[in-house]
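Okay, so here's the structure we're looking at.
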Amino acid sequence: MSEALKTKIADVFNEPGCDKNQAKDEKAKKKGCSKPLTPGAAAGGCAFDGAKIALQPITDVVHLIHGPLACEGNSWDNRNAASSGAKTYRVSFTTDLSELDIVMGNGEKRLYRAIKDAVAAYAPPAVFVYQTCVTATIGDDVEAVCRHATEKLGIPCVPVNAPGFAGSKNLGNKLAGEALLDHVIGTREPEFTTPCDINIIGEYNLSGELWQIKPLFEALGIRILSCLSGDGRYEEIATAHRARVNLMVCSTALINVARKMEERWGIPYFECSFYGLSDMSATLRTTARLLVERGAPEDLIARTEALIAREEAHAWSRIAPYREALKAKRVMLYTGGVKSWSIVAALQEIGMEIVYTSVRKSTEEDKDRIKAIMEDPHMVESVPPREMYAQLKRGDADILLSGGKSQFVALKAKVPWLDINQERHHAFGGYDGMVTLVRELAKSLRNPIWQDIRRPAPWDLPNAGFPFAQIEARA
Amino acid sequence: MSEALKTKIADVFNEPGCDKNQAKDEKAKKKGCSKPLTPGAAAGGCAFDGAKIALQPITDVVHLIHGPLACEGNSWDNRNAASSGAKTYRVSFTTDLSELDIVMGNGEKRLYRAIKDAVAAYAPPAVFVYQTCVTATIGDDVEAVCRHATEKLGIPCVPVNAPGFAGSKNLGNKLAGEALLDHVIGTREPEFTTPCDINIIGEYNLSGELWQIKPLFEALGIRILSCLSGDGRYEEIATAHRARVNLMVCSTALINVARKMEERWGIPYFECSFYGLSDMSATLRTTARLLVERGAPEDLIARTEALIAREEAHAWSRIAPYREALKAKRVMLYTGGVKSWSIVAALQEIGMEIVYTSVRKSTEEDKDRIKAIMEDPHMVESVPPREMYAQLKRGDADILLSGGKSQFVALKAKVPWLDINQERHHAFGGYDGMVTLVRELAKSLRNPIWQDIRRPAPWDLPNAGFPFAQIEARA
Amino acid sequence: MPQSAEKVLDHAPLFREPEYREMLAKKKALFEGMPADDVVQKTSDWTKSWEYREKNFAREALTVNPAKACQPLGAVFVAAGFEKTMSFVHGSQGCVAYYRSHLSRHFKEPCSAVSSSMTEDAAVFGGLNNMIDGLANTYALYAPKMIAVSTTCMAEVIGDDLQSFILNAKAKGSVPQDYDVPFAHTPAFVGSHVTGYDNMLKGIVEHFWKGQERTAGTAINIIPGFDGFAVGNNRELKRMLDLMEVEYTILSDVADQFDTPSDGEYRMYDGGTTIEAAKAALNAKATLSMQEYCTTKTLDYAAGFGQETASFHYPMGIGGTDDFLMKVAEVTGKEIPDALTKERGRLIDAMADSQAWLHGKTYAIYGDPDFVYAMARFILETGGEPKHCLATNGNKAWEAQMQALFESSPYGASCKAWGGKDLWHLRSLMATEPVDLLIGNSYGKYLERDLDTPLIRLTFPIFDRHHHHRFPLWGYQGGLRLLVTLLDKIFDKLDGETIEAGVTDYSYDLTR
Amino acid sequence: MPQSAEKVLDHAPLFREPEYREMLAKKKALFEGMPADDVVQKTSDWTKSWEYREKNFAREALTVNPAKACQPLGAVFVAAGFEKTMSFVHGSQGCVAYYRSHLSRHFKEPCSAVSSSMTEDAAVFGGLNNMIDGLANTYALYAPKMIAVSTTCMAEVIGDDLQSFILNAKAKGSVPQDYDVPFAHTPAFVGSHVTGYDNMLKGIVEHFWKGQERTAGTAINIIPGFDGFAVGNNRELKRMLDLMEVEYTILSDVADQFDTPSDGEYRMYDGGTTIEAAKAALNAKATLSMQEYCTTKTLDYAAGFGQETASFHYPMGIGGTDDFLMKVAEVTGKEIPDALTKERGRLIDAMADSQAWLHGKTYAIYGDPDFVYAMARFILETGGEPKHCLATNGNKAWEAQMQALFESSPYGASCKAWGGKDLWHLRSLMATEPVDLLIGNSYGKYLERDLDTPLIRLTFPIFDRHHHHRFPLWGYQGGLRLLVTLLDKIFDKLDGETIEAGVTDYSYDLTR
């Protein structure tokens, strides 16, 4: 691992914006943010995966993975981040390093040629180059190659130095943010600015969720100057330093970006969520307040309140028909953890009970939020499938909300399940999204397959309804 | 059977235009045209079927079947006759007579109400009402009901009196022609006439074959005033009596129409075919000659020759690549018989050998034509499937051309097959159609499935390539 | 050799070439009788209105686009399921041509059946001579082991008596005295092909059972009913029964008759229930029918001999298959083996995996009464709503059964069964109360076109797709196929809606 | 309760509502960096030109849209086919997450595999401690009967020696001394998932066979190879072998592992080749591989013990199945039963029925080398032309085999095999030399969109359709399914092209 990367990781671990980090002593800080991995236990994605998750939604650049085919061959285009324009981000680019390249030390040369090929064929506004385990281990200097290529080809080449073994997915998110801070943000001026320009950080437009909330801001005259990185464009993100306020969504992923933007360009940020009516409304309120504080017209606040009143009423009227079905239903929430508090609040709003919520990747602040909103806050860390199966099997919950990996545990345990992670096919953002979430919850809970799945085959029933024994006895 | 119908049938059987008929003595004439049916042997369709085949291609009228559901329920929309406009002909209308209707003698009343319903819902230019076995047997007078309905509803209602038991499909064709003669043709004047107006009789536009030849006539300034009945419209056919020449296609079906039109309106007719290059050219030539004889501009003949020269050359150039593959290939031709001579000529043109051709429904004139064009004319009447199977099995032919019913005999006998009857999915009319036919023949002959179909399972080969016997002997 | 010298087009694309388009447009424009496009459009729109629907449902003398066939078709079908049996339909010859082509187009197999070719004379004097000659010719020409006689409506109207005719024919030596000639009256103006199936089957068992003494045994009889998927379904049925180690006779098994191999042997007949088995079937412990409406009379007849009887509605899906297997287990005392329990679990697992995609989808379903019942039941199991359920040959009793089914599920609340209605009624239903998907047969494609509702072909007749009937719909394995068929159509539709580059393809996802 | 209070749209239609369309269009129009629509169109057109094709094929350092995965994926797959076996991938933890989600999304089943979670430190000092701790944890947490160890590329680059590491770990008590821990080095920068399958399988049999004495018996071993349709295929394979009354062991049978029922029991492991069977497999008369490229080393190893060996290219269709069954018969001396002969005849019959619709159709096919070979062979059997055959993990030897296949048929004349090329190459091929149909996996949907060529999903991975893998493609029964899949797509396309009322529906026929 290069010295530069080590420094960068140390820097990220030292992130003062991260409350989790603040609580640690020096030694612990040095050890890093992510929990130590347990060899031999099933684990999640790597830093490379995290970096790609954070950056791949930038739609118009070439995302070039420098490494053996594996990293990209197994995983390309595996998330439904929507684009309103360019589709370049859905194309998979890799240097597909062979043994020969590795033995001969040809990696850097090959990378440069690959960048050249990609630029020639696609003429993208930029190329993002991702480091991987192998190329990091053999010492390929992607930063140097990118510098060289930028110079030679006249197109910005952005090194994303987050090889898998560097750490967790979460670390990868942050290292991706560093790449934007070091190479993209602030490299370009917007054509004009307004006193109502904002950035949204940590929103990936999965299933189009950004688009669900964008009209709300537009209705208030608030311009989303850039979004990191949902439906993003390179040149847009390059101007992000001129926003008046940063909205920090899903805090742990890119907190370093928000904090450093405050440090460098004085942009205040606040953590927020688009999930659930109250949180959505709070987000709009805070945005308006901060913008007004920074010089936006005073009436923005009143207009915001009017919008909130209207949207909340409209949403509640649509939620009403489902309330009875969802009331007091027990939800087990097992997500990456990043949205836990927000989803918890949303579910409680419609009268559901939270059995527990996972806080695997939550910050202390997240946990405090959960404590504040739940009467009897059950928070769990990682739950092995077998244990989760046992909980569901004995009827601890009426429904599981989780990512795709736990789906099958729920199904085998015969409990309804709703996808709340990146593979979901519904957009749950904003007021409309909450209505969708409620509808999907009601659908999942009521699906008749759960009856079938719960009752054993009729011939396995205690009173199977036909007298095997007698028949056999007679025979 | 009503007296009117008996008279009509006798009249049709007495058809002087039918050469087959002319050769018979009085007694035989009375017995009728179609061969006597053999009870207990598989046979073809009935008179009702024949009537529907002839008239259903009239696209804009309601075709209403008066009878129990059976006649229509089993058969609606079973031919691919194409329409460039109205789709009413593809909708199935029936009085769906129940036992109660029959016992109570409610048939006529029900029919009238059905006509009324159909007129109200569809506002068609006319309603064609088909008699069936049951309603004929119980004595429903469709002619009277149609008269009444025409009067009351102000829309022409045309009785088609061809109940199934009246006789063969061929008889049904002719009775359908009679319905047109009695109720449709001559009831309306065209907006204008030209010296180059023609009718085409006996062409049903299956798979759009009429459309293949229509441009040829149009290129010569010849107007198809009406076609009986492909892509037909009621009002169009009503004006047919103003054409200068009638082209009689597939002669036996509607010969009575052509002859009676000559008798009533002095329109000359000639028998022709659109299949094969020579026959198509001959058709164009004769049409031009007859039109000129009746007052069309003289240059029509020269223009026709020029068109023929151009089209034949173009067709031959496209046929050339397939000639080698088709040369001396032996064809067994088993069609309804109506197109036999024409197809025979076409196949011989491209160098194929005719094993035999069926003349089940051919006229004596047809047979003479075949004799004239085939060196060694093999003509067969009906061939039972078992016999055909035996012929094919012993390799008498390289390919069978027939209707769908013989398809499976060929397939089980492992011989290529090409659909030449009403269910075909390719249009074989005119010059373009001949190219298509050649291509389809070549495709069928060369399809590799015939190799698979001909060779037994490898383990059933005489020398199966592995020593079962030895292995067993050793064991 | 080149594939083609120049581009040769099939007729579908051919007439879309510019020169043809112009010609066709001209005909439309010039021809006086044809209304202008906007009038056509207006009329078409009107036929999709509530106003039209009411008018349409007021029809009583006119049937438009019926979804049923006639009794003799069912008789020919059921007879084809007996060993080397030729169907002989007494009446005019045209009808038989329809039955043959109908079955042949669906199964892509030759289909044999003959008629007595009655003509005018027979209509007046009765068809006895046709019967005498016909049986003799059939016997001589096709060498069947049995001839099953049914009737077309003409023979019924003139009142021919099959029993005495056949006796007469035997007396005249048409066929040997002890030769099997079962018969059934199958007038087309009563019921439909399912009634004909019942009548002919009853005729056959009556022929073998009448006057015999029953010695109750342990085997069971199973009657599949009229079924376009018989090839796949009957084989799946046999597989399940074999797994259960049940002794059984399938009464009328057409699976092999309608799926003969290309192996150099011409089979006019293949497979089917043997005559010995049909005779021995009298001694069965019970007779189970897979389709209630195909077997009312036959089951009554069997019950008259003391057999237990039970009937199902074309058992599909989880509940349908459960009920059937439970009944087989109950009647035979056999256990349901683990292999089937595991298949059941796998089907449930697959349905649960995919439930989010099926939940809340709405359907129109038409076909024979038992099929529609089964299909609706399966849809309810997936969380879908079978809104419009239609059977042209369904009656009031069927409507009541359907209503009970709807009431058994919260998803049935907005569903309704329509007995005796035709596909033109269905068009109005779908136009005024649209659904997501249509389930029926090939005739449904016009509804698909007119109402932009994807068609799923799952019942007889299927003329425009090949070989579907070779896979089962019954049993848990069949359920998996049903499930995948529905899902494929849903995904195809979704992909189709999201494929437009730069317009809708933000949802053109790799994972669904 | 109502289904919904008002219309709630899924996200696919949602963003096509007017307010959203405007918003999305505005972003496109206003955003400076985005070129105008006509420029985008022009660029898109250019990428479909011959000029671009040449440029594209000149690429050498850049891979775009690869159609292959890496060795450890194959290793995880093959290990899943052994009884209660946990895959342990030595290296960084992220890779394993990919394998799990890849397999899980395709099979719609949970998939277990763990890693040794190597980090920076391990990269410097070697991963021995990770192996020691990892094996201990795996053994304790998941109670497997066997742990199959493979490697990610990082472990390979730093040169960790699995054999000594495992010995070390056993010495440290991570797992019992006699516990089965087979292993294989599976560097991702060599070969692809099919290579990994081979390496891991060889590792497993070597673990059991090495140093053992072989006593030649009569049973045979069959290796299925990496196969997304394994659930259906392996079961069909077993059905055929059972019909032949052959004694056999399937080496790595994932059918049950990737198709567990929902029956109330949580199965981390289900089915698979037992350890006893794996050991006894040494004594087999022969080992047959269904996929040559998945088993090169394993077959060599088996041959070294004196076993007969033979390999096939994913046998499908008539010829492919014939060859396989003949070889089984030859090796075992068993007769091929009539049941299979009849199935063969039925497949041929069905193909002949439908030949006119398939004849002359052109295809692009991509996937693993053996699959592409088999698919092309089947297409040739139908009279179609497999014009572009592409395998990102195909090599020169494969290209030569494909060429020989093409030369065996007049329909192969214009066909070409492309080894080592990616899906972006295929895009150029299809843009410049269009075909009627594309056969591949879910990733092909972008080619379907860009080139308007219908996609048929017949190989791993399939993420956007459900449960297809539960039906077989192998054997004559699988051939029937293949046939129907092709035909359905052809008919769907034709119906789609002729459905427009009044414009193209003159060819919207009831019978096809």
Side-chain angles (χ1 to χ4, degrees), chain A residues 59 76-87 90 205 207-208 211 231 325 404 407-408 410-412 414-419 422-427 439-440 442-444 446-461 464-472 474-475, chain C residues 218 244 317-319 321-323 325-338 340-345 347-360 377-384 408-412 476 483 494 498 501-503 505-512:
Chain A
T59 64
W76 59 284
D77 192 31
N78 62 357
R79 289 161 67 94
N80 300 330
S83 166
S84 61
K87 292 289 187 298
R90 285 197 141 176
N205 199 28
S207 296
W211 299 340
D231 200 14
Q407 166 183 8
F408 304 106
L411 297 185
K412 301 291 173 195
K414 311 181 167 189
V415 167
W417 168 83
L418 185 64
D419 194 346
Q422 77 271 9
E423 283 169 37
R424 64 183 173 275
H425 294 279
H426 297 285
R439 179 195 57 168
E440 290 303 312
K443 268 173 59 173
S444 283
R446 290 190 302 147
N447 193 292
I449 193 67
W450 305 119
Q451 291 167 21
D452 278 318
I453 219 171
R454 278 190 210 116
R455 79 183 157 94
W459 48 90
D460 286 342
L461 290 174
F466 54 95
F468 280 142
Q470 286 95 310
I471 289 168
E472 280 155 11
R474 253 182 287 149
Chain C
T218 53
M244 288 182 72
I318 300 165
T321 309
D322 284 357
D323 290 354
L325 292 180
M326 284 292 280
K327 178 54 91 173
V328 172
E330 182 195 319
V331 167
T332 61
K334 299 278 186 182
E335 300 251 6
I336 292 164
D338 287 349
L340 287 174
T341 309
K342 219 165 183 190
E343 286 178 16
R344 181 180 189 275
L347 171 59
I348 291 178
D349 192 55
M351 286 171 69
D353 287 347
S354 308
Q355 55 92 12
W357 293 100
L358 294 165
H359 192 112
R377 186 174 179 184
F378 181 72
I379 294 300
L380 290 172
E381 284 179 349
T382 67
S408 73
S409 162
Y411 296 87
Y476 305 119
L483 177 72
L494 186 58
T498 58
V503 180
D505 68 344
Y506 57 81
S507 295
Y508 192 63
D509 294 332
L510 180 69
T511 308
R512 301 236 192 241

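Throughout, a chain's letter reflects where its sequence line sits, starting with A, and its residues are numbered from 1.
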Q. Taking all atoms of both residues into account, what is the closest heavy-atom pair of Ile336(C) and Trp459(A), and its distance?
A. CD1-CE3, 3.2 Å
Q | Contacting moiety of Ala352(C), where chain A heavy atoms sit under 4.5 Å | A | both
Q: Let me know if Thr382(C) has heavy atoms under 4.5 Å from chain A in its side chain, its backbone, both or neither.
A: backbone
Q.
Heavy-atom cut-off 4.5 Å, strictly under: side chain, backbone, both or neither for Asp323(C) against chain A?
A. neither
Q) Looking at Leu358(C), Ile348(C), Leu380(C), which one has more heavy-atom pairs under 4.5 Å with chain A than the rest? A) Ile348(C)
Q.
Please give me the minimum heavy-atom distance between His359(C) and Arg446(A), naming the atom from each residue.
A. CE1-C, 4.1 Å
Q.
If you count heavy-atom pairs within less than 4.5 Å of chain A, which of Arg344(C), Arg512(C), Glu381(C), Met351(C) leads?
A. Arg344(C)
Q. Are Tyr506(C) and Asn80(A) side-chain neighbours, meaning at least one heavy-atom pair lies under 4.5 Å?
A. no
Q: State the CG-CZ distance between Leu510(C) and Arg79(A), to the nearest 0.5 angstrom.
A: 13.5 Å
**Q.** From CZ (Arg90(A)) to OH (Tyr508(C)), nearest 0.5 Å
**A.** 10.0 Å
(Q) For Trp417(A), which atoms come within 4.5 Å of any heavy atom of chain C: side chain, backbone, both, or neither? (A) backbone
Q: Would you mind checking which part of Lys414(A) comes under 4.5 Å of any heavy atom in chain C, side chain (CB onward), backbone (N, CA, C, O), both or neither?
A: neither
Q | Gap between atom CD1 of Ile449(A) and atom CD of Gln355(C) - 0.5 Å precision | A | 8.0 Å
(Q) So for Gln407(A), is it side chain, backbone, both, or neither that comes closer than 4.5 Å to the heavy atoms of chain C? (A) side chain
